[in-house]
There are 2 protein chains.
Amino acid sequence: MTKTKNTAELILDTAQSIVQDVGFNGFSYSHIAEKVGIRTASIHYYFPSKEDLGEALIVRYRKSFISAIDQIDSETQNNLEKFRKFILIYKAPVQECCTCMGVMFATDLATLSSKVQEGLAHLFTANLEWLERVLDQGRRNGHLNFEGAANVRAHQFLASLQGAQLLAKSFRDLSRFDMIADGLISALT
Amino acid sequence: MTKTKNTAELILDTAQSIVQDVGFNGFSYSHIAEKVGIRTASIHYYFPSKEDLGEALIVRYRKSFISAIDQIDSETQNNLEKFRKFILIYKAPVQECCTCMGVMFATDLATLSSKVQEGLAHLFTANLEWLERVLDQGRRNGHLNFEGAANVRAHQFLASLQGAQLLAKSFRDLSRFDMIADGLISALT
DNA sequence: GTCTATAGGTGGATAGAC
DNA sequence: GTCTATCCACCTATAGAC
């Protein structure tokens, strides 16, 4: 039973997909309004300034990321399989020739409010902590095999997926992403 | 004997540093004009439209990248040492809390002209071809030690450096870049 | 809550004087 | 080549009717 989305959610959905396409400085309220089928004044009713919209976007994005990794944890035992599912989170936007919102906000960082900047750092920290934990557990229980500090590996893993998105987008070639992601999995077995 | 830079070069220098800070959609001609100390009309004299400016930026950027890797090839024999110098190219912008222009253009891709999009793909292809060649040579002459296809490794290497830039920028922490870059070197020895 | 209307500012871009 | 002056389109944001 899917609850009908309210206007604020529709605006955020649309804004996120636009940000992932053209970045936070590449669109205006009129772009959102057109897609949602409302007027720009209505968007200002929910998100008075574009800064407010940015903050709502990153807060919601982090929450939905936390939900996603919680679900992976609850439905998956094998740590290697957890990584495969994590990779799918990063693959999804690439299939629409986009980049995830975290990467978009990271490049736009200098033009974003400090709250959004902090939200982005929190998001990446959540990514890294989860990766480090799964790496650690996986090595201890034998699901994974790698050398060196799990913290460093977590950084390498995340950076690779972010760069893989950029290359796939630039070449409009999903296989570039898969090539890199497959290598990450191979390196853990 | 450094030749005095002409106005067009000053504009491009300034535009590039701004793009690396705020992206192609995060600035206007007035930002460049202010930094260079001229009027916006003068910029339009050299680059009639912002699209023209973008094309000039990516063309010049690719040329300067080719020069950089040519110099590495001419002054360095050891292939591992070549990689260390290549990494420094990607580290430079991070030291100013920026991201290289290739990464910025990659995220802004959807808003750029097709010429800029093609220029970016050419730039990344030049990166990947050089990396693949050095990987191949290094493995054959014993400077490097790794398994799998050099082409795949080249993609992983480049993606990691791009992601490393994003993480370092987001956390304002250069050590995040170093951590990832050091891991790349370790994996080749 | 959503609209119309509009203010006030900034964007890219051009004309023409010097 | 560089400037002043200016155009028009678009942007963010607000006021007030419904």
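Numbers restart at 1 for each chain; the letters A, B, ... are given by sequence-line order, proteins then strands.
Nearest-nucleotide positions on DNA chain C for A/Tyr45 and A/Thr40 put A/Tyr45 closer to the 5' end.
Between the side chains of B/Tyr46 and B/Asn6, no donor-acceptor pair of N or O atoms lies under 3.5 Å.
The nucleotide whose nearest atom lies closest to any side-chain atom of B/His44 is, among C/dC3, C/dG12, D/dG1, C/dG12. If you check C/dG1, D/dA5, D/dC11 against the side chain of A/Ser30, the one that comes closest is D/dC11. Comparing C/dC3, C/dG12, D/dA13 by their nearest atom to the side chain of A/Lys50 picks out D/dA13. The nucleotide whose nearest atom lies closest to any side-chain atom of B/Ile38 is, among D/dC3, C/dC3, C/dA13, D/dC3.
Looking at heavy-atom distances under 4.0 Å, B/Phe47 makes no contact with the nucleic acid at all.
Nucleotide D/dT12 holds its P atom 9 Å from the NE2 atom of A/His31, rounded to whole Å. For the pair B/Tyr46 OH and C/dT14 C1', the interatomic distance rounds to 17 Å; values are reported in whole Å. Remark: P of D/dT14 and OH of A/Tyr29 are 10 Å apart, rounded to the nearest angstrom.
Figure legend: cation-pi geometry between A/Arg153 and A/Phe146 absent, as NZ or CZ is not positioned both under 6.0 Å from the six-membered ring centre and within 45° of its axis.
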Would you please test B/Gln162 and A/Gln162 for side chain to side chain contact (heavy atoms under 4.5 Å, CB included) and show each step? CA-CA 8 Å; B/Gln162 293 178 340; A/Gln162 293 178 339; over 6 Å; no

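The OG1 atom of A/Thr107 sits 12.0 Å away from atom CZ of B/Phe105, with the distance rounded to the nearest 0.5 Å.
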